[in-house]
Amino acid sequence: MAVPSFLARERIIAKPGFNRWLIPPAALAVHLCIGQAYATSVYKAALVSHFDSTLTAIGIIFSIAIVMLGLSAAVFGTWVDRNGPRAAMFTAACFWSVGFLVGALGISTNQLWLVYLGYGVIGGIGLGIGYISPVSTLIKWFPDRPGLATGMAIMGFGGGALIASPLSRQLMNWYDPAYDGTIGTTPDGGAVAGLFVTLGLIYLVFMMFGAFIVRVPADDWKPTGFDPSAAKPKAMVTSESVSAGNAIKTPQFWLLWTVLFCNVTAGIGILEQAAPMIQDFFRNGETSTVAAAAAGGFVGLLSLFNMAGRFVWSSTSDFIGRKGIYMVYLGVGLVLYVLLATIGSSAIWLFVALAAIIISFYGGGFATVPAYLRDLFGTYQVGAIHGRLLTAWAAAGIAGPLIVNGVLDAQGTPGQLVAADYRPALFIMVGLLAVGFVANLLVKPVADKWHEPHATTPATARANPERSTTR
Amino acid sequence: MSEQSSTPTGLVAFAWALVGLPLVYGLVQTIRTASALFTG
């Protein structure tokens, strides 16, 4: 599928002397916008009330969006790699913005299916394309620090929710003055529709800014002072290239898929239930020693650690290696989960500290995986491979809540649960992290037979994508 | 090899400010929310 010439990769090849520090804000302009997907809880109750529906029916909007994220990233990954970041960011901006506008139409006309179609399906496609759009470009601009580069962008996805939550409350307060953002007040449907239109337009402008400042490096470009041939060879870092079609035939891809699935499922276990969980862990009869406002504060704290973990841990992986950092995420995470299940209810500070570190590992897992893919498969089609790997996120988005909600439903009634009721779910997460830990241990360099012939340079491969060998 | 930058410094600063300021707003608001955990 050809793109208009102003979006084409050839038009955005950077001139000599281009400042590569313009690329992270371009990536952040996209990720800060699509990170709104994590802030849907702000208007969830309002939509339940407006559609006279249930939390489950409204929650499906978010589930569809995450599933579409995984599917569109997988389907369009090769297209994104071939056409470059400007075409991808432009397309993502259009889908994400139109998703909001169609969603607003659905709310205004009282048709929930239109919200499913708009925010869920159309917006979800924007999410998937937008999420992978800057990743391979950043890796190419920062071959000396790929973990830092992808950590900065994917931190933006976590940061997007931090911006969207308070901004959404403020906007809904403007559209419905009776709503003041405090617990117990709910904005009307018209305010949520107004919010959707406003966010759709703001995000369109921001993402277009990213699309128009992004550039790709020339094929022979290297950072000043960086000489890959002088760097000490590392067993787990290849200088070869593997196509996306071949990557999914390797055990390494599926081991990493398992690692990401386990890490994300375990993190979602806490994120999904954060507010009620801290209240239930410190419940004394009918009441909890943790007030609703403090539980909301706990959710905010987890958001901060989710975002910070993406940058800090991914940057750290540049020094201790990708395999090493995932041993920390999964191995130390496993121990922390056991501590949470067994002694987490002994003190609030202990519970908060354990959960915060676990969530920082959850965020770190997302941010580090593109650099891990680059180490194993090279930069050639790393965006497309990343897109295919994100199906693990979609699967975890379904599995995580199913496990936690299924266990808690079997244990008792919401509002009467105590710490012990969470133990089966937490120990399932421990098991999952153990599986992920073993999968990570089994990751070895990709076999030579999957490497592209050296004549297939990035430029020629883009010109002749069918030339890439598939085995 | 040292190259003369072809990117205006103002553009780089503007781009970082455009993404940085909303992020700072979000961080401040979230820290205020999170402080409820320690103050009640």
Side-chain angles (χ1 to χ4, degrees), chain A residues 14-33 35 39 152 155-156 158-167 169-170 202 206 209-210 213 215 222-225 278 290-305 307-308 348-349 352 356, chain B:
Chain A
K15 292 178 181 149
F18 180 84
N19 186 339
R20 63 175 172 166
W21 287 98
L22 198 55
I23 303 305
L28 279 166
V30 173
H31 270 239
L32 285 173
C33 294
M152 266 190 289
M155 173 190 78
L162 298 194
I163 300 167
S165 292
L167 179 64
R169 281 193 206 97
Q170 185 64 60
I202 292 173
F206 250 79
F209 174 76
I213 64 169
R215 296 287 183 278
K222 285 191 289 291
T224 306
I278 190 169
V290 178
F298 175 59
V299 176
L301 191 81
L302 292 189
S303 304
L304 286 174
F305 274 81
M307 188 186 84
I348 293 176
W349 70 265
V352 170
Chain B
M1 182 177 66
S2 104
E3 289 168 337
Q4 183 83 30
S5 175
S6 63
T7 314
T9 308
L11 177 63
V12 179
F14 175 73
W16 275 103
L18 199 69
V19 296
L21 290 176
L23 199 52
V24 169
Y25 160 79
L27 276 171
V28 170
Q29 295 296 324
T30 308
I31 289 169
R32 284 168 69 175
T33 309
S35 66
L37 179 61
F38 305 103
T39 56

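Basis for what follows: all heavy atoms, side chains included, without hydrogens, waters or symmetry-related copies. What you are looking at is a predicted structure, and each value in this text was computed from that prediction instead of being measured.
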What option among B/A17, B/G26, B/G20 has the most heavy-atom pairs under 4.5 Å with chain A?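 The candidate making the most pairs under 4.5 Å is B/G26.
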Can you tell which part of [X] gets under 4.5 Å to a heavy atom of chain B, answering side chain, backbone, both or neither?
{"X": "A/L28", "value": "both"}
{"X": "A/V299", "value": "neither"}
{"X": "A/I278", "value": "side chain"}

Taking all non-hydrogen atoms of both residues into account, name the closest pair between [X] and [Y] and its distance.
{"X": "A/G300", "Y": "B/A34", "result": "C-CB, 4.3 Å"}
{"X": "A/P166", "Y": "B/Y25", "result": "C-OH, 3.4 Å"}
{"X": "B/V19", "Y": "A/L32", "result": "O-CD1, 3.5 Å"}

Donor-acceptor pairs under 3.5 angstrom involving side-chain atoms of residues 16-24 of chain A: please list them, not counting sequence neighbours.
{"from": "A/N19", "atom 1": "OD1", "to": "A/W21", "atom 2": "N", "distance (Å)": "2.9"}
{"from": "A/R20", "atom 1": "NH1", "to": "A/W141", "atom 2": "O", "distance (Å)": "3.0"}
{"from": "A/R20", "atom 1": "NH1", "to": "A/D144", "atom 2": "OD1", "distance (Å)": "3.0"}
{"from": "A/R20", "atom 1": "NH2", "to": "A/D144", "atom 2": "OD2", "distance (Å)": "3.2"}

Considering residues at least two apart in sequence or located in another chain, which fulfil the side-chain contact (heavy atoms from CB on, under 4.5 Å) criterion with A/F305?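 side-chain contact (heavy atoms from CB on, under 4.5 Å) list for A/F305, sorted by chain: A/L301, A/A356, A/S360.
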With sequence neighbours excluded, what pairs up with B/V24 under the side-chain contact (heavy atoms from CB on, under 4.5 Å) test?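 B/V24: side-chain contact (heavy atoms from CB on, under 4.5 Å) contacts with B/V28.
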Contact residues of residues 158-165 of chain A (partner chain B; heavy-atom separation under 4.5 angstrom):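 When heavy atoms of chain B are the reference, residues 158-165 of chain A contributes A/G159, A/L162, A/I163 within the under-4.5 Å range.
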Calculate, to the nearest 0.5 Å, the distance between atoms CG and CE belonging to B/L27 and A/M307 respectively.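 Output value for this atom pair is 4.5 Å.
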